[in-house]
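The structure under discussion appears below in the form of structure tokens.
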Amino acid sequence: MTDTLRTPPPTAAAQHRRPFTLDPGRWETERSRALRTGHVRDHTCTAECEPVLVYERTPWGWLAWTVPGDGTPHDQPHQIGVLTPAATPTQRLSLRWLTRRPARRIALAPTIPGSLRLSAAAVALISLLAGLFAMTHGVPVDVMLPASVLAPLLAEHLPGRLDARAREHVRSVEGDGACRYLQRLASLHTYLVQATAGSDRYELHRSAEIGRHTLWDAAGLLQTQDTRSASADLIARERLMVQLAGQAAQILERTPGPANADQARKPEQPLGPYPPGPRSAPHHTPGMLSLKGALLMPQPQPGLDVRTADVYLLFAHEPYYPGPGTQEINTTVVTADTLLHPQVQQPDGARIHDLLTRGRQPGEIIPLATLTHELNGGADWPTVGDWESVTTDLLQIVREGECNALSLGLPEIARALICTGPRSHVRTYDAATDQFIAYGPTERAAVLAEVDKFLACIVAEQDV
């Protein structure tokens with residue numbers, strides 16, 4: 001049994017959620033150019049269509065967007081490229097070279113297949129005129145003829161060679177799953193970079209450096225593997241980026257100074273998914289789960305030596321779609337006993353099962369992040385087991401129908417909350433109200449309460 005929690009997507013603006021987030025006028029300019037000179041995405045597109053791409057350059061690489069026929073911006077790029085972290089100035093030129101506007105080509109005669117670059121045709125004409133002029137002034141034909149032939153050949157084939165050389169310093173990915181994942185990491189990394197602006201704190205600069213390498217490593221994984229086979233490594237990298245962004249936000253909160261105070265009081269622009277300066281009275285966007293009955297009443301906890309088998313493990317994973325036209329699945333809930341499944345890596349699954357069932361309330365839903373919090377922030381995971389392999393195995397048997405599970409499509413903020421510890425905070429920026437919003441333990445408990453109500457309805461009809 002697999003069900004999807006249907007919730008609307010979040011509406012809070014974030015960096016890289018739309019083309020040119022901080023410069024909407026640039027998108028209108030590029031869209032107008034695409035409508036004049038290239039093929040846009042509309043109902044006439046086929047698999048052979050090559051629509052024009054609008055490149056949005058960033059310090060770490062680029063995002064390439066297609067232009068829909070109706071002119072509305074996409075919420076997901078067609079391609080994402082990541083430049084090597086230790087790029088030299090020469091290698092940075094490769095970024096501009098690869099994101100140049102596509103060359104215009106001239107079709108040859110109807111009986112001759114192929115086409116010719118407009119630049120190559122122009123060079124051929126110029127070299128011909130220059131050769132004739134030189135020969136009238138006494139330059140030997142055997143000197144000018146090879147030069148006149150070689151120049152257009154270089155103009156036609158040299159850009160391809162330069163493309164191949166430039167791509168040695170860039171990792172680019174395409175496809176819905178890969179781009180969606182890198183898009184989230186890019187938003188987090190952009191916030192880390194913006195957090196370092198005007199700051200001399202070593203911790204912030206080091207976080208941005210680690211985030212840069214994490215983005216590069218993730219692009220490498222997605223180049224060689226699909227999101228399913230690399231799920232465990234990708235989740236680990238996303239968790240690291242979320243932790244770095246949270247730590248950066250806490251550092252900025254604690255940093256004294258008028259600049260930081262002004263930033264918290266009156267933000268000028270969105271700074272990414274976890275900007276500093278939270279408001280004291282957060283409110284909820286339509287993309288958040290409904291939080292009616294949000295507060296969970298405190299209950300006495302059983303002793304740590306008491307085992308409660310009737311508990312559930314909730315863990316986030318790389319999003320996937322179970323079928324055509326279905327909603328994204330990015331979080332799964334399984335019973336504790338699923339950890340004992342023979343297809344789950346053992347004894348790691350049994351050890352996590354022991355930790356999961358120790359001192360819990362019957363029917364309690366325990367996020368994987370809660371276990372990480374209990375294990376000294378994750379430092380003690382090696383003494384328990386390989387949680388990455390275990391969750392990968394769990395997702396595999398769920399997708400193969402080997403066990404019952406509750407599959408969820410959580411919105412961005414709700415997913416971030418259950419990926420953090422019970423006392424952590426997630427911060428975002430609401431462009432509609434020009435406010436920073438802080439979500440903390442209360443909202444996290446509300447998300448779990450909502451999932452619990454949904455799970456209870458399912459369990460009432462059939463055991464999970």
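Values below: all heavy atoms of this structure, side chains included; hydrogens, waters and symmetry mates excluded. Start at 1 with the first residue, then count along the sequence.
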Report task. Evaluate the side-chain hydrogen bond (donor to acceptor under 3.5 Å, both in side chains) criterion for residues T338 and T335: first the C-alpha distance (whole Å), next the side-chain angles of each, then the deciding distance (0.1 Å), finally the verdict. Result -> CA-CA 6 Å; T338 311; T335 62; 2.9 Å; yes
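- Not one N or O on the side chain of T84 forms a donor-acceptor pair closer than 3.5 Å with the backbone of A87.
- When every heavy atom of S199 is checked against every heavy atom of H205, the shortest pair comes out as O-NE2, 2.7 Å.
- The CD1 atom of I352 sits 9.5 Å away from atom CH2 of W387, with the distance rounded to the nearest 0.5 Å.
- With I418 as the partner, the side-chain contact (heavy atoms from CB on, under 4.5 Å) test is satisfied by one option alone out of L368, T331, T370, L408: T331.
- Of the inter-residue distances, the one linking L215 atom CG with M241 atom CE reads 5.5 Å to the nearest 0.5 angstrom.
- Using a cut-off of 4.0 Å between Lys/Arg side-chain N and Asp/Glu carboxylate O, R212 and E209 are scored as not salt-bridged.
- At least one donor-acceptor pair under 3.5 Å links the side chain of R444 to the backbone N or O of T420.
- Of all non-hydrogen atoms in R184 and E238, the two that sit nearest each other are NE-OE2, 3.0 Å.
- T383 and D380 share no side-chain donor-acceptor pair at under 3.5 Å.
- Side chains of L371 and L313 form a contact here, defined as non-hydrogen atoms less than 4.5 Å apart.
- When every heavy atom of P441 is checked against every heavy atom of S424, the shortest pair comes out as CD-O, 3.8 Å.
- Note that SG of C403 and CG of L339 are 10.0 Å apart. Values are rounded to the nearest 0.5 Å.
- The closest side-chain heavy-atom distance from R180 to D176 is below 4.5 Å.
- Relative orientation of the W62 and Y55 rings is perpendicular, given thresholds of 30° and 60° on the angle between their planes.
- H317 and T332 are linked by a side-chain donor-acceptor pair at a separation below 3.5 angstrom, with hydrogens and angles left out of the test.
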Query raised in the report: Going through the distances and angles, do Q250 and H425 end up as a side-chain contact (heavy atoms from CB on, under 4.5 Å)?
Result: CA-CA 9 Å; Q250 292 175 4; H425 288 78; over 6 Å; no
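- Listed here is the closest heavy atom pair of G211 and L244: N-CD1, 4.0 Å.
- Between L53 and T66 the shortest side-chain heavy-atom distance falls below 4.5 Å.
- Between W381 and V384, some side-chain heavy-atom pair lies under the 4.5 Å cut-off.
- Side chain of Q396 to main chain of E400: no donor-acceptor pair is present (N/O by atom type, distance under 3.5 Å, no hydrogens or angles).
- Note that CG of L355 and CD of E374 are 6.0 Å apart. Values are rounded to the nearest 0.5 Å.
- By the 4.5 Å heavy-atom criterion applied to side chains, L204 and L252 are counted as neighbours.
- With rounding to the nearest 0.5 Å, the separation of CD in E388 from CG in D348 is 11.5 Å.
- Separating the CD atom in Q76 from the CH2 atom in W65 is a distance of 8.5 Å, to the nearest 0.5 Å.
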Report task. Before giving the answer on side-chain contact (heavy atoms from CB on, under 4.5 Å), spell out for L395 and Y320 the whole-Å C-alpha distance, their side-chain angles and the decisive distance to 0.1 Å. Result -> CA-CA 11 Å; L395 184 60; Y320 70 91; 3.8 Å; yes
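- Side-chain contact check for S187 and T190: no donor-acceptor pair (N or O, by modelled atom type) lies under 3.5 Å.
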Requested in this report: Go through the steps to decide whether V447 and I413 satisfy the test side-chain contact (heavy atoms from CB on, under 4.5 Å), and finish with yes or no.
Outcome: CA-CA 10 Å; V447 172; I413 297 175; over 6 Å; no
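- The main-chain N or O of G440 is found under 3.5 Å from a side-chain atom of E443 such that the two form a donor-acceptor pair.
- Y312 and G363 make their closest contact through CD1-O, 3.9 Å (heavy atoms, listed as atom of the first residue, atom of the second, distance).
- Nearest heavy atoms, L417 versus V426: CD2-CG2, 3.9 Å.
- Under the 3.5 Å distance criterion, the side-chain polar atoms of D310 are left unmatched by any main-chain donor or acceptor of P362.
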Query - CA sep, side-chain torsions, deciding dist, call: R427, F436, side-chain contact (heavy atoms from CB on, under 4.5 Å) - result: CA-CA 7 Å; R427 297 170 178 83; F436 291 115; over 6 Å; no
